[in-house]
Amino acid sequence: MRGYLVAGNWKMNGSNAANAELVDGIIAGMPQSDSVELLVCPPFPYLAAMAAKLSGTGIALGAQNVSQHEAGAYTGETAPSMLGDVGCKYVIVGHSERRAIMGESSETVAAKFQAAQDAGLIPLLCVGESQQQRETNQTEAVIDEQLNAVVDGSGIEAFRRAVIAYEPVWAIGTGLTATPQQAQDVHRHIREVLAARHQDVAATVKILYGGSVKGDNAAGLFGKPDIDGGLIGGASLKSADFLAIAEAAWALN
Ligand code: PEP
């Protein structure tokens with residue numbers, strides 16, 4: 001059983017006070033379930049404080065980005081080992097905002113994925129198509145390119161310690177959500193691409209859906225056979241909203 005993962009990507013939001021209130025709310029209301037893992041990904045300056053706050057709660061900590069380099073003259077960058085050092089278990093790589101705004105190529109994302117794993121972190125690899133790519137029937141080709149860059153670089157076995165998030169770009173922060181069937185179709189496709197290399201890895205890797213997940217659409221999405229939870233942006237910034245999504249996963253266990 002793969003179990004569910006419900007992950008909050010706080011993006012560039014928060015403050016010491018707001019983060020404490022948010023996490024206190026999640027801890028106070030979190031469902032008592034071993035098979036739903038909760039994860040929060042705050043901005044870099046708050047990681048250490050959040051690690052202390054989350055200690056012993058069962059809520060995992062992740063970062064939103066990482067350097068592909070281990071150390072050295074990379075001003076402003078953060079090494080994978082540093083993330084482990086401050087208590088991160090996960091790190092998001094290849095988020096569409098980084099691909100689009102910061103110009104990260106699939107090769108760069110693949111290097112970050114490998115560097116994260118080398119440091120003992122679990123990479124949460126984001127893939128997804130734009131609206132224009134979906135409308136011109138390129139969804140699977142785009143996903144294949146983003147996914148295969150990593151599989152070719154790190155090998156299929158690397159996905160035994162990784163999570164994938166399918167995040168259609170047109171659904172991120174727009175209020176538009178893929179229908180459960182649209183999402184399921186892409187999740188199934190991702191599993192088939194991986195299964196062509198290794199059946200067992202494909203069957204066991206968690207694939208999250210991200211893109212305007214809310215309390216009222218989470219159950220429909222998480223109820224699909226190849227959807228193992230969500231990567232949540234906007235709705236991860238209020239404890240009640242995040243918990244409503246986690247509750248959907250909990251109820252489906
Ligand atoms: C995201 O940025 O990963 C995301 C899914 O955002 P939102 O939930 O706000 O669409």
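Counting starts at 1 for both ligands and their atoms, in listed order. In this chain, numbering begins with 1 at the start of the sequence shown.
Side-chain N/O atoms of Trp170 and Glu129 include a donor and acceptor closer than 3.5 Å. With 3.5 Å as the limit, one finds no donor-acceptor pair spanning the side chains of Glu167 and Ser96.
Grouping the Ile, Leu, Val, Met, Phe, Trp and Tyr side chains by contacts below 4.5 angstrom, directly or via other members, places Ile172 apart from Val213.
Within 6.0 Å of CD in Gln199 there are 12 or fewer heavy atoms belonging to other residues, nucleotides or ligands.
For ligand 1, the protein residues within 4.0 angstrom (heavy atoms only) are Asn9, Lys11, His95, Glu167, Ala171, Ile172, Gly173, Gly210, Gly211, Ser212, Leu231, Ile232, Gly233, Gly234.
Here Lys206 does not pair with Glu37 in a salt bridge; the nearest charged N to carboxylate O distance is not below 4.0 Å. Checked for salt-bridge contact, Lys224 and Asp185 miss the test: no charged N lies under 4.0 Å from a carboxylate O.
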